[in-house]
Amino acid sequence: TSRIPILPPNMYRENVLANIKEPNNNFTSVVKWRYDFNQVTWSYSQVWWGWDRWERELDWMALKGVNVALAHVGQEAIWKRVYQRLLKGNFDSGRYFTGEVYLSWHRMGNL
């Protein structure tokens with residue numbers, strides 16, 4: 001089978017798709033789960049991405065066989081509902097949750 005070179009994260013991702021000559025290659029992996037991102041990726045950069053950037057990322061993930069994307073999407077909404085119920089509506093989420101850039105550290109309990 002053909003091999004696509006593994007590039008360092010966030011480097012030349014946009015050029016990978018353009019360099020594929022044969023669209024019907026088969027690839028195999030020795031691992032079941034191939035994940036992308038880490039706990040702080042969402043706060044460092046992805047919080048500012050628009051659809052164009054996400055579309056490039058999703059294409060890259062599909063090309064590399066990523067089948068698990070670490071994503072905490074909607075976690076704060078669930079926490080807000082739980083705290084509202086536990087505290088009988090006396091919960092100010094604006095004073096509890098951090099801004100987008102620091103949400104990863106909030107989730108890890110570092111704030």
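- Applying the side-chain contact (heavy atoms from CB on, under 4.5 Å) criterion to R81, with sequence neighbours excluded, gives no partner residue.
- Judged as a ring pair (Phe, Tyr, Trp, His ring centres under 6.0 Å), and not counting sequence neighbours, Y102 has no contacts.
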Derivation and outcome, side chain to side chain contact (heavy atoms under 4.5 Å, CB included), residues W79 and H106: CA-CA 12 Å; W79 281 355; H106 183 112; 3.5 Å; yes
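- Atom CG in D92 sits 10.5 Å away from atom CZ in F97 (nearest 0.5 Å).
- For D36 (side chain) and W60 (main-chain N/O), no donor-acceptor pair under 3.5 Å exists by modelled atom type.
- Residues T98 and W105 form no side-chain contact, since every pair of their non-hydrogen atoms from C-beta on lies 4.5 Å or further apart.
- Here V47 pairs with E100 under the side-chain contact (heavy atoms from CB on, under 4.5 Å) rule; sequence neighbours left out.
- Atom CZ of residue F91 and atom OH of residue Y96 lie 6.5 Å apart, to the nearest 0.5 angstrom.
- Grouping the Ile, Leu, Val, Met, Phe, Trp and Tyr side chains by contacts below 4.5 angstrom, directly or via other members, places L103 apart from W48.
- V68 belongs to a hydrophobic cluster whose other members, connected by ILVMFWY side-chain contacts under 4.5 Å either directly or through intermediates, are W33, Y35.
- By the side-chain contact (heavy atoms from CB on, under 4.5 Å) test, Q46 is found to be paired with F37, T41, W42, W49, W54, residues two or more places apart in sequence or in another chain being considered.
- Counting all heavy atoms, side chain and backbone alike, M61 lies closest to A69 at CE-CB, 3.6 Å.
- Side-chain N or O atoms of R34 include one that pairs as donor or acceptor with a backbone N or O of G65 at under 3.5 Å.
- The salt bridge (Lys or Arg N to Asp or Glu O under 4.0 Å) contacts involving residues 65-80 comprise E76-R107, where partners must be two or more places apart or lie in separate chains.
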